[in-house]
Amino acid sequence: MLSLIHRMTESFNLNLKGLNVVVPAASGYMAAAATIALLAGAAGVTAVTRPSNRYYSAQEAAEITHSLAALARVEQALSMRERIDHHTCSTANLLLNSEPIRPITRSMIELLPQNGVIATMREAWMVLEDDLDIEAVREHQVQVAAINQSHDLIGGAEFQPALLLRMFEAAGVKVDRAVIALICDNPLAYNLQRGLRDAGAQVVVFQNSDVVFAHPWDAVVLAQRPTNKMRLDITALGKLAKAAAGTAIIQYWGDIDRKAARYFGLRVWPPRSPGKGQMGMPLEMLGPEPLLRLVAGAFKSAEMLMAGQPLDPEGLAQRFNGTTGDEAGSEAS
């Protein structure tokens, strides 16, 4: 794990020298975020836990986060907090937007110093209203650094379809020679369609569920940006039940009304909701590298925005421009 952390710092040529960085404390692979920032030269890193529950131990998260930093011999600049307090916000140059540093509220944004940057591991169009207070970001002109997940350093062209194929495996649906309806109206479509076809499937892409035509589909994949409404609500599922009776629905991204799906006899994977706005399967299922590439990419994007580097449409970094919905915009740098 430590060698991978070092490789991320070097591959992205990270330079966070002199910055105060706030990251999650975690018991999973996200625990490495603090060490990546410290190895990149951060003056100080604050790792924030969330309250313990039956599935999460704040003490364990803090210990694992600290242990990784100690292995890298950078633990002296690491501090732990149970929550983001006034001092943490007012001195933070970089906030990594991930649980439990999500949502980033108006009160947190108002406390950020003038040069403070929020870094997200999403592409700009993927940013959700549940991630941060977008109105406050606009009002206070806080920069939000996003990333181009398909950039070679990030590797989204590989991990996005790999995650979907892992979902098919977990759902018990064979991909080879399958005929699949992919409901996707965003940039994910290219990588997901290519990955399914490379695995032997025939794929038809639909912009929304209303236009899926009747056919003996082997599976329907939902890959749409979550909104305040279910992407597949009772109305959409009623139409799908006619076009794809008895077909398995794979939730890649976008919320599904599972109660309505059961009513119409549709099988949804995962059977239980992963949580509002969450992917159907966590990226960690592919191992540590995809997630750590996202973390390092988010740090690099923030570094580039703080340095005022010129924008490049094919580059790694993006600047979230403060809009949401299907028209969510960005600038690439």
Side-chain angles (χ1 to χ4, degrees), residues 14-27 30-52 56 58-59 61-62 65-66 69 74-122 124 126-147 277 294-308 317-322 324:
L14 287 176
N15 181 7
L16 304 180
K17 186 176 181 180
L19 301 181
N20 291 315
V21 180
V22 182
V23 302
S27 53
M30 184 58 76
T35 303
I36 291 174
L38 288 165
L39 287 172
V45 171
T46 301
V48 182
T49 65
R50 55 189 172 90
S52 296
Y56 173 88
Q59 181 178 349
T65 301
H66 184 272
V74 290
E75 77 278 11
Q76 64 276 6
L78 174 64
S79 60
M80 298 289 175
R81 295 285 186 275
E82 294 181 354
R83 61 186 179 86
I84 301 180
D85 56 20
H86 184 285
H87 176 74
T88 302
C89 276
S90 62
T91 58
N93 304 113
L94 194 163
L95 280 176
L96 182 61
N97 184 210
S98 180
E99 296 286 353
I101 310 170
R102 177 181 183 271
I104 295 178
T105 63
R106 172 176 288 275
S107 61
M108 294 165 64
I109 290 167
E110 289 174 345
L111 288 171
L112 288 175
Q114 189 173 6
N115 65 341
V117 173
I118 296 168
T120 174
M121 295 182 289
R122 302 189 193 275
M126 295 177 171
V127 174
L128 306 177
E129 292 181 357
D130 289 340
D131 292 335
L132 47 82
D133 189 319
I134 294 169
E135 184 178 348
V137 163
R138 287 197 298 261
E139 286 180 14
H140 294 275
Q141 299 181 336
V142 173
Q143 292 197 98
V144 178
I147 57 175
L294 291 177
V295 170
F299 287 156
K300 188 64 181 181
S301 178
E303 174 194 327
M304 294 170 72
L305 262 63
M306 281 188 276
Q318 298 177 344
R319 179 186 291 107
F320 175 63
N321 69 11
T324 60

Derivation and outcome, side-chain contact (heavy atoms from CB on, under 4.5 Å), residues I118 and L112: CA-CA 10 Å; I118 296 168; L112 288 175; 4.2 Å; yes

Minimum heavy-atom distance between [X] and [Y], given as atom pair plus value:
{"X": "R50", "Y": "A58", "result": "O-CB, 3.4 Å"}
{"X": "V142", "Y": "G116", "result": "CG1-O, 3.8 Å"}
{"X": "P113", "Y": "C89", "result": "CD-O, 3.5 Å"}
{"X": "V295", "Y": "A33", "result": "CG1-CB, 3.9 Å"}
{"X": "A124", "Y": "R319", "result": "CB-O, 4.4 Å"}
{"X": "L128", "Y": "I134", "result": "O-CD1, 4.3 Å"}

side-chain contact (heavy atoms from CB on, under 4.5 Å) between F299 and V23, worked out: CA-CA 11 Å; F299 287 156; V23 302; 3.9 Å; yes

Candidate pair R81 and V22, rule side-chain contact (heavy atoms from CB on, under 4.5 Å), full reasoning: CA-CA 10 Å; R81 295 285 186 275; V22 182; over 6 Å; no

Looking at [atom1] of [X] and [atom2] of [Y], how far apart are the two atoms once the value is rounded to the nearest 0.5 Å?
{"X": "L95", "Y": "I101", "atom1": "CG", "atom2": "CD1", "result": "6.5 Å"}
{"X": "N15", "Y": "M304", "atom1": "CG", "atom2": "CE", "result": "13.0 Å"}
{"X": "M121", "Y": "N97", "atom1": "CE", "atom2": "CG", "result": "8.0 Å"}
{"X": "R122", "Y": "D131", "atom1": "CZ", "atom2": "CG", "result": "4.0 Å"}
{"X": "E139", "Y": "I109", "atom1": "CD", "atom2": "CD1", "result": "9.5 Å"}
{"X": "E135", "Y": "H140", "atom1": "CD", "atom2": "NE2", "result": "9.5 Å"}

Within the side chain of [X], is there an N or O that forms a donor-acceptor pair under 3.5 Å with the backbone of [Y]?
{"X": "T88", "Y": "I84", "value": "no"}
{"X": "T46", "Y": "S79", "value": "no"}
{"X": "N20", "Y": "N93", "value": "no"}
{"X": "S301", "Y": "A146", "value": "yes"}
{"X": "T35", "Y": "A69", "value": "yes"}

Heavy atoms from other residues, nucleotides or ligands near CD of Q141 exceed 12 (cutoff 6.0 Å): no

E110 atom CD: more than 12 heavy-atom contacts under 6.0 Å: yes

Derivation of the side-chain contact (heavy atoms from CB on, under 4.5 Å) call for M108 and L111: CA-CA 5 Å; M108 294 165 64; L111 288 171; 6.0 Å; no

Option passing side chain to side chain contact (heavy atoms under 4.5 Å, CB included) with Q143 (candidates V137, N115, L305): L305

Salt bridge R102-E99, side-chain N to carboxylate O under 4.0 Å: yes

P103 side chain near D133 side chain, heavy-atom distance below 4.5 Å: no

